Number of protein chains: 2
Amino acid sequence: MSQDDMTKVQARTLKTRAKLLAAAQEVVADIGFEALRVEQVVAKAGVAKGTFFAHFKDKDALMEQLIAPVVDSYLDELEMRPAPRSVEEIVEALTPVIRFMTAERYVFDVILRHSGAAAKEEIGPIAQNFYRTQFALAPWLAKGPFRKDISAELLADGLGAFLIQAMALNFCALHNERTIEDQLTIYLKAWLQPAL
Amino acid sequence: MSQDDMTKVQARTLKTRAKLLAAAQEVVADIGFEALRVEQVVAKAGVAKGTFFAHFKDKDALMEQLIAPVVDSYLDELEMRPAPRSVEEIVEALTPVIRFMTAERYVFDVILRHSGAAAKEEIGPIAQNFYRTQFALAPWLAKGPFRKDISAELLADGLGAFLIQAMALNFCALHNERTIEDQLTIYLKAWLQPAL
DNA sequence: ATTTAATATTGACCACGGTCATTTTTATCC
DNA sequence: GGATAAAAATGACCGTGGTCAATATTAAAT
């Protein structure tokens with residue numbers, strides 16, 4: 001037993017959890033996030049229903065574990081990019097993650113619920129990577145030709161707020177004449193490049 | 001039959017709906033929004049469960065009808081106020097509605113879900129009053145000593161985004177060392193009064 | 001090997017939101 | 001007032017997320 005796994009989790013536990021996650025990913029690939037049923041996942045994984053809830057607090061916790069890594073990988077790609085030279089470049093860089101987040105209304109709802117962090121006590125993966133975003137994106141943003149009167153962290157924080165707003169508006173019957181990207185561009189120009 | 005009620009809704013319908021709403025309000029007053037059960041509401045209203053769903057599309061629709069008017073009344077008060085002279089005055093004016101929206105996590109979730117509008121087809125009361133906010137608050141904001149390089153509507157739109165963000169962050173384990181109001185003040189100073 | 005304690009799994013069961021064929025009430029027409 | 005059609009109310013029923021006492025498995029101790 002290496003120093004890393006001093007905890008008492010058995011190998012069996014990790015195996016079962018992996019089976020459940022793999023089954024869930026298959027189900028999502030087949031029928032999407034919204035239509036996923038816990039019973040279907042446990043059937044495919046070959047375990048009892050109770051086992052599922054021994055591994056995941058609730059269905060939402062599974063969803064987080066499925067969604068967060070995807071968002072995370074998009075953010076990784078973002079960080080790799082060269083410094084943005086304009087708002088348009090930022091929006092373009094964000095397009096893939098926007099696509100993923102808004103492809104299914106249900107997915108967006110899950111993200112929304114958990115971006116501000118689910119339970120106050122314990123912080124979930126989605127909240128963690130929104131938190132991370134603030135620090136990961138800040139240096140990237142700071143390198144661009146944007147306002148310098150506020151901290152880079154605040155800059156990134158605001159970007160997050162407007163990103164959510166633009167996506168939420170897109171699901172709204174009253175506001176879907178503009179694309180998310182166009183809407184976000186308007187917001188970000190006003191936020192990052194105020195022309196006093 | 002007056003000209004107003006040319007529709008075929010019977011008086012009975014209105015009565016039943018009123019009974020359901022009254023019962024629901026009682027339940028909320030007793031045990032809060034989150035703990036409300038549809039079965040409890042119909043029991044108190046003295047109608048069958050099916051009747052509930054003939055009047056409300058789902059539980060969320062009832063919640064909207066309970067929550068939206070409250071938020072609405074706070075917004076009414078906002079509009080009455082004299083022009084804000086500083087960010088602090090805006091935040092102070094928003095405090096009551098912030099309190100209400102964040103008193104129960106469940107309430108905030110309902111608002112979040114419906115602020116960007118629930119179904120794309122039909123727009124709910126909460127989305128409507130967020131939409132209204134943009135136009136109601138815009139003139140109020142425009143009268144204050146804030147940036148003039150962007151439209152008043154955009155100003156109000158951003159305020160909404162930051163309001164959501166500040167509240168969401170408050171529910172987050174990683175960010176609750178600052179009060180919502182303090183956080184919002186930081187955001188709004190950066191948004192409304194950029195010091196290039 | 002056997003006992004023991006901790007951990008993992010099971011599946012019958014429950015809670016609760018939501019549905020729908022049936023029944024009851026209301027309005028309309030002769 | 002009786003017949004007819006439309007609208008409203010009913011409650012048994014279902015789907016699905018989530019629980020928990022009972023059982024099975026694993027690891028450690030003697």
Side-chain angles (χ1 to χ4, degrees), chain A residues 1-2 5-24 27-28 31-66 106 109-110 113-114 118-119 122 124, chain B residues 1-2 4-24 27-28 30-66 106 109-110 113-114 118-119 122 124:
Chain A
M1 205 183 246
S2 78
D5 31 288
M6 301 192 59
T7 55
K8 297 183 185 172
V9 292
Q10 307 174 352
R12 183 172 48 149
T13 307
L14 300 173
K15 211 170 152 189
T16 305
R17 180 163 306 164
K19 268 197 297 184
L20 282 166
L21 275 172
V27 171
V28 168
I31 58 174
F33 287 91
E34 174 147 36
L36 179 146
R37 296 287 169 266
V38 172
E39 303 203 351
Q40 199 176 353
V41 172
V42 296
K44 194 159 258 186
V47 300
K49 204 184 204 176
T51 303
F52 178 93
F53 292 99
H55 287 266
F56 303 96
K57 183 181 165 292
D58 51 25
K59 188 182 169 181
D60 253 32
L62 167 68
M63 288 301 176
E64 277 208 88
Q65 299 219 14
L66 293 176
Y106 175 76
D109 278 347
V110 171
R113 265 204 302 283
H114 293 278
E122 208 165 314
Chain B
M1 205 184 247
S2 78
D4 280 352
D5 31 286
M6 301 191 59
T7 55
K8 295 183 185 173
V9 293
Q10 306 176 353
R12 182 171 49 147
T13 307
L14 300 172
K15 212 170 153 189
T16 305
R17 180 163 304 166
K19 269 197 296 183
L20 281 167
L21 275 171
V27 172
V28 167
D30 276 7
I31 59 175
F33 287 92
E34 174 147 36
L36 178 145
R37 297 285 169 269
V38 172
E39 302 201 354
Q40 199 176 352
V41 172
V42 297
K44 193 159 259 184
V47 300
K49 205 184 202 176
T51 303
F52 178 93
F53 291 98
H55 287 266
F56 303 95
K57 182 181 165 294
D58 51 25
K59 190 182 167 181
D60 253 32
L62 167 69
M63 287 301 175
E64 277 208 88
Q65 298 220 16
L66 293 176
Y106 175 77
D109 278 347
V110 171
R113 263 203 303 283
H114 293 278
E122 208 164 314

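As a basis for the values below, the full set of heavy atoms in this structure was taken, side chains included, without hydrogen atoms, waters or symmetry mates. By convention in this document, chain letters (A, B, ...) are assigned in the order of the sequence lines, proteins followed by strands, and residues within each chain are numbered from 1. All values derive from a computational prediction rather than experimental measurement.
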Nearest 0.5 Å, what's the [atom1]-[atom2] distance between [X] and [Y]?
X        : Y        : atom1 : atom2 : value
A:Gln65  : A:Arg17  : CD    : CZ    : 7.0 Å
B:Arg37  : B:Lys44  : CZ    : NZ    : 14.5 Å
A:His114 : A:Asp109 : NE2   : CG    : 10.0 Å

Calculate the interatomic distance between [X] atom [atom1] and [N] atom [atom2]; express it in whole Å.
X       : N      : atom1 : atom2 : result
B:Met63 : C:dC16 : CE    : P     : 13 Å
A:Leu62 : D:dT16 : CG    : P     : 16 Å
A:Phe52 : D:dT16 : CZ    : P     : 14 Å
A:Asp58 : D:dT16 : CG    : P     : 17 Å

Give me the atom names and distance for the closest heavy-atom approach of [X] to [Y].
X       : Y        : answer
A:Leu66 : A:Ala24  : CD1-CB, 4.0 Å
B:Lys59 : B:Tyr106 : CE-OH, 4.0 Å
A:Met63 : A:Phe33  : CE-O, 3.4 Å

So, with a heavy-atom separation below 4.0 Å from DNA chain D, the residues of residues 31-42 of chain B are none
Below 3.5 Å between N/O atoms, which protein atoms pair up with nucleotides 25-27 of chain D? Just atom names and distances, please.
none

With side chains defined as the heavy atoms from C-beta onward, is the minimum distance between [X] and [Y] less than 4.5 Å?
X       : Y       : answer
A:Phe56 : A:Leu20 : yes
A:Leu36 : A:Leu62 : yes
A:Leu21 : A:His55 : no

Using a cut-off of strictly less than 4.0 Å, decide whether A:Thr16 has a side-chain nitrogen or oxygen near OP1 or OP2 of C:dT9.
yes
Is there a side-chain contact between B:His55 and the phosphate of D:dA8, meaning an N or O under 4.0 Å from OP1 or OP2?
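Result: no.
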Report all interatomic pairs (protein N or O, nucleotide N or O of nucleotides 19-21 of chain C) with separations under 3.5 Å.
none

Assign each of A:Ala48 and B:Lys59 the nucleotide of DNA chain C bearing its closest heavy atom; nearer the 5' end lies the nucleotide of A:Ala48
